[in-house]
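Values below: every heavy atom of this structure, side chains too, minus hydrogens, waters and symmetry copies.
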Amino acid sequence: MANSGMYVRKTRISEITGGKIDFQMKVRVINLWSTPDRSNPNEQGALHMIFLDKDCGKIYASVRKDLLSQFKDDIEDGAAYVVERFMVGKNDTSFKSTSHKHKLNFMRGTKMIKVKATDIPANHFDFMPFTEILASTKEDQFLDVIGHVVEKNTLKETQKNGKISKLMDATIEDLEGNRIHCTLWDDYAVKMQQFLDGHDPSLPVIIILQLCKLKKYLGVMGVSNSFYGTKLFLNAEMPDVASYIERMNAANVELTQGVSQMSGPPVISVADDLLQTPRMTIEDLIESTQKCCGSVLAWGCEFDMDAGWFYQACTKCSSRINFVSGQLYKVHLQVIDDTGSITFVMFDRVVFQVVGLTAQDLLDSMNNDASSHPYPPQLDMFVNKWMLFKVEVSDANLYRNWRGYNVKKVTSDENVINQFTAIHGITLNGDANDTDFEYPECDLGDDTPSLVVDGVESSNKPDAMVSKSGQTPTSKLSDKKEADIGVTNVSAAGKSKAKRIIDLGDDDDVVLSDTLDLFANKSTGNVKRIIHLGGDGVAFPNELNPSTSKSNVATTTHLAENPLVTTKETKLACVKIEGSK
C-alpha cells in the first residue's frame, strides 16, 4: 500500500467499544506473529498483532486464515498505519496479550494505509514486577519482563512426543535482588547462547521478554517464552535498556553483573532453601570476611521506624523515582540471637510473600484509618517471635560498613524452624536472648552421692527463701521418694556441726552427709536458716542459738506434700557442694 500523508481524524484505542465498525485509528504494529493451522500444522492458520497508538494504548488484532492472502503481505512489524473498519469482539482468550477488554478482527472491508508516525513510540512495555510474578498462582496471561541475567544453564536438547526441542534455563534478577526462573525454548535458547558466546562476561546482560508467559518451575512461578508471540531483546539499544543500566549502576545494593553457570536447580522452595543453606549466627554475619548467604534463626524485636517501612518507586520496574508512582516495602527489622543483635532489611518481595498485601494497599488503609500508627499493624507478624531468615553478606557490608543485612527469604513456620533446630542441635526454651539455654536440674535419687553443704552468711530477711519450679536443684525432689532430712548435734561453738539424714521410706535411716557447717551471725552468735525437710513438708527454722544444745525456732513453715512455693525473688547466698567423707 502506498504511503499517505493525509490528515486523519483518529479514534483512540482506549475509546474503542463494541457495536461500531466505522472508526479510524493511527497505530503502529509493535508485535506481529503467525500461528499454524490446528487441523494442518504445516499451513499458516492466522496472523496476530498488537496495535499501539500515541497515547500508549494497546489492543490485540487478528487476521483469520481465509483473509491471509488479502493482508499478510501488506502488514509489517514496526510500521505505522491508518486503519479503519474492524469488527470489535470481546477479549476473552485464555491468554490475554493486552489488558484491553476488546479485540479487533479484520474483515474484508478493512483498510490499512501505511504512514509515518513519529509521535508513536517504536515499542512500549508493561513490565510486571518480579514480586507479582512470584505471587501469581495461575499461568493465565502474557506479560513483559526486564532484568539482568545472573545464571544460565548449558544449551541442551529434550524430546517430547517425538519432537526434539532446544532448551536453556536461566535466572533473572531485578534491581531489588528478586530472582525468577526463565526457560527459553528453541530459537530463543539458540539466540541467547549465540549472544553469550560473543559477549564480554564482565558486562551485565540486560534481557527484555515481551509477551512471554507465566510458567511454574519446581512449584515456583517464573516465565517462559511463548512459541509464537514472544520477543527477546538482549542489551538492545532502546530507552528502556539504557534506563535500566543507569539505575543498575546507581543502585544501593550490590548487583551481580556477570553470568555464572547454574550449579543446581535455580529455584527451590523457601523451606528447602532455608534448611539447605549453612547456618550462621548474627556474630557470624558481622565477622564474615567474604560474601556469602546464611540461614539465621533470630528473634524479631521491633522495627526501626527512623528508616521508614516503604519507599516511593515505579511499581512496574521497582526503581527509585523522583515523583510518586507507588510504594514498595523496605522494612528494617531489629533482630537478636544469643550472639548479638543487628538490623535485617526486607524488600518488597520478601514482605509481600509474608503479608499478602502490597505496600500501597497498607498505606491506603492507614490513610483511611483515623487513628495514627507509625506502621501498619499487619507488619506485627514479624515481631515477638522466632523466625528463620536467609541473609546475604554483600560488598556493602564488607567494605562500606553497612550494618543492615538484606533478607532473601524468611519463614516463621514452626515445622521448618523445628527441622532447623533439630539439624543444628538448637534448643528453644522461649528465651529470646539465648537459643541454647537450659535450666539446671538436680536429680536426687536412691543412688545420689552423699553431700556436704558448707553454709555461708545468711540473709537478715526470713522470707528470702525462693523455690522456683524448673530453676532450683530441688525442683526434681517431688518426683523422688519422700525424704526426711534432719539437723542434729548442733555444737556450742561459733561454727555448728549437724548431721543430715534422708529417710528413703524403709526402717533404717541412711546418713548421706556427715556434717552441716553453719556460720553464726557475728553480732548475735545466732545461726540463720537451718532447713528441716520432713516427710510431711518443709520447715524453715528462723533462728538457732548455737550456745545451747536446743534450737530456738522463731517461726516454722510447714508445706504439704509436693508443694510449690513461690516468693519474691532475691539473691541467694552461694552454696558450695562437696563430696561426703
Quiz prompt | Side-chain touch V355/M381, heavy atoms, less than 4.5 angstrom | solution = yes

Practice problem: May I ask you to test the I133-V145 pair for a side-chain heavy-atom distance under 4.5 Å? | Solution: yes

Self-check item: Derivation and outcome, side-chain contact (heavy atoms from CB on, under 4.5 Å), residues N91 and T98
Solution: CA-CA 9 Å; N91 187 19; T98 72; 3.9 Å; yes

Quiz prompt | Check: D273 main-chain N/O paired with T277 side-chain donor or acceptor under 3.5 Å | solution = yes

Quiz item: How far apart are the C-alpha atoms of K390 and C293, what are their side-chain angles, what is the distance that settles it, and do they pass the side-chain contact (heavy atoms from CB on, under 4.5 Å) test?
Solution: CA-CA 7 Å; K390 181 178 179 180; C293 285; 4.0 Å; yes

Quiz item: Got F382 and V331 here, is their nearest side-chain heavy-atom distance under 4.5 Å?
Solution: no

Quiz item: Are any side-chain N or O atoms of Y81 and backbone N or O atoms of E76, one a donor and one an acceptor, separated by less than 3.5 Å?
Solution: yes

Quiz item: Would you call F233 and V241 a side-chain contact if the rule is heavy atoms closer than 4.5 Å?
Solution: no

Self-check item: L104 side chain reached by H102 side chain, heavy atoms, under 4.5 Å
Solution: no

Quiz item: Are the charged groups of K291 and E392 less than 4.0 angstrom apart, N to O?
Solution: no

Quiz item: Do the side-chain N and O atoms of S202 and D200 include a donor-acceptor pair separated by under 3.5 angstrom?
Solution: yes

Self-check item: Side-chain donor/acceptor of H148 to backbone N/O of V205, under 3.5 Å
Solution: no

Quiz item: Distance from F347 atom CZ to K330 atom NZ, nearest 0.5 Å?
Solution: 4.5 Å

Quiz item: Do D361 and S365 have a side chain donor and acceptor closer than 3.5 Å?
Solution: no

Self-check item: Any donor-acceptor N or O pair under 3.5 Å, side chains S394, N397
Solution: yes

Exercise. Working to the nearest 0.5 Å, report the span between NZ of K215 and CG of N225.
Key: 11.0 Å

Self-check item: D74 to Q70 - nearest heavy-atom pair and separation
Solution: OD2-O, 3.5 Å

Quiz item: How far apart are the C-alpha atoms of V393 and L285, what are their side-chain angles, what is the distance that settles it, and do they pass the side-chain contact (heavy atoms from CB on, under 4.5 Å) test?
Solution: CA-CA 7 Å; V393 178; L285 292 176; 3.7 Å; yes

Quiz item: Any side-chain heavy atom of K166 sitting closer than 4.5 Å to one from W185?
Solution: no

Exercise. List in chain and number order the residues that pass salt bridge (charged side-chain N to carboxylate O under 4.0 Å, His left out) with K65, two or more places apart in sequence or in another chain; answer none if no residue qualifies.
Key: D37, E43

Donor-acceptor pairs under 3.5 angstrom involving side-chain atoms of residues 46-58: please list them, not counting sequence neighbours.
unit_1 : atom_1 : unit_2 : atom_2 : d
H48    : ND1    : Y60    : OH     : 2.6
H48    : NE2    : T35    : OG1    : 2.9
D53    : OD1    : D55    : N      : 3.0
D53    : OD1    : C56    : N      : 3.2
D53    : OD1    : G57    : N      : 2.8
D53    : OD2    : I13    : N      : 3.0
D55    : OD2    : R12    : NE     : 3.0
K58    : NZ     : D126   : OD2    : 3.1

Quiz prompt | Check: M387 main-chain N/O paired with S412 side-chain donor or acceptor under 3.5 Å | solution = no

Practice problem: Give a yes or no on whether a salt bridge exists between D186 and K191, defined as a side-chain N under 4.0 angstrom from a carboxylate O. | Solution: no

Quiz prompt | Donor-acceptor under 3.5 Å (T230 side chain, L211 main chain) | solution = yes

Exercise. Report the distance from atom CG of D348 to atom OG1 of T358, rounding to the nearest 0.5 Å.
Key: 8.0 Å

Quiz prompt | Check: R179 side chain, T171 main-chain N or O, donor-acceptor pair, under 3.5 Å | solution = no

Self-check item: Minimum heavy-atom distance between H332 and G308, given as atom pair plus value
Solution: ND1-O, 4.0 Å

Self-check item: Minimum heavy-atom distance between F130 and E173, given as atom pair plus value
Solution: CE2-C, 3.6 Å

Self-check item: M128: which of D144, L143, I180 passes side-chain contact (heavy atoms from CB on, under 4.5 Å)
Solution: L143

Quiz item: With no hydrogens and no angle check, is any side-chain donor or acceptor of K231 less than 3.5 Å from a backbone partner on I30?
Solution: yes

Exercise. Kindly compute the distance separating CG (L184) from CG (L232), expressed to the nearest 0.5 Å.
Key: 6.5 Å

Self-check item: Minimum-distance pair of heavy atoms, taken over all atoms of D169 and Y217
Solution: OD2-OH, 4.2 Å

Quiz item: Hey, are D380 and Y375 close enough side-chain-wise for a donor-acceptor pair under 3.5 Å?
Solution: yes

Quiz item: If you round to the nearest 0.5 Å, how far is CE of M25 from CE of M112?
Solution: 8.5 Å

Self-check item: Side-chain donor or acceptor of R400 paired with backbone N/O of D395 under 3.5 Å
Solution: no

Quiz item: Using 30° and 60° as the class limits, which term best fits the ring planes of F23 and F86: parallel, tilted or perpendicular?
Solution: parallel

Quiz item: Which pair of heavy atoms, one from V149 and one from A170, lies closest together, and at what distance?
Solution: CG1-CB, 4.4 Å

Quiz item: Any side-chain heavy-atom pair from K152 and L196 closer than 4.5 angstrom?
Solution: yes

Self-check item: Centroid-centroid distance, F344 to F389, less than 6.0 Å
Solution: yes

Quiz item: Side-chain contact, heavy-atom cut-off 4.5 Å: E157 with I164?
Solution: yes

Quiz item: Can you say whether the rings of F195 and H199 are parallel (under 30°), tilted (30 to 60°) or perpendicular (over 60°)?
Solution: parallel

Self-check item: Derivation and outcome, side-chain contact (heavy atoms from CB on, under 4.5 Å), residues F310 and L362
Solution: CA-CA 10 Å; F310 68 91; L362 296 188; over 6 Å; no

Quiz item: Does S288 reach the main-chain N or O of D284 with its side chain, forming a donor-acceptor pair under 3.5 Å?
Solution: no

Exercise. Indicate the atoms forming the closest heavy-atom contact of A80 with A117, along with that distance.
Key: CB-CB, 3.6 Å

Quiz prompt | Ring centres under 6.0 angstrom apart (Y329, F352) | solution = no

Self-check item: Value rounded to 0.5 Å, distance of CD1 in I146 from CD1 in I172
Solution: 10.5 Å

Quiz item: Who pairs with I286 by side chain to side chain contact (heavy atoms under 4.5 Å, CB included), at least two apart in sequence or on another chain?
Solution: I282, I342, R403, Y405

Quiz prompt | More than 12 heavy atoms of other groups within 6.0 Å of M107 CE | solution = yes

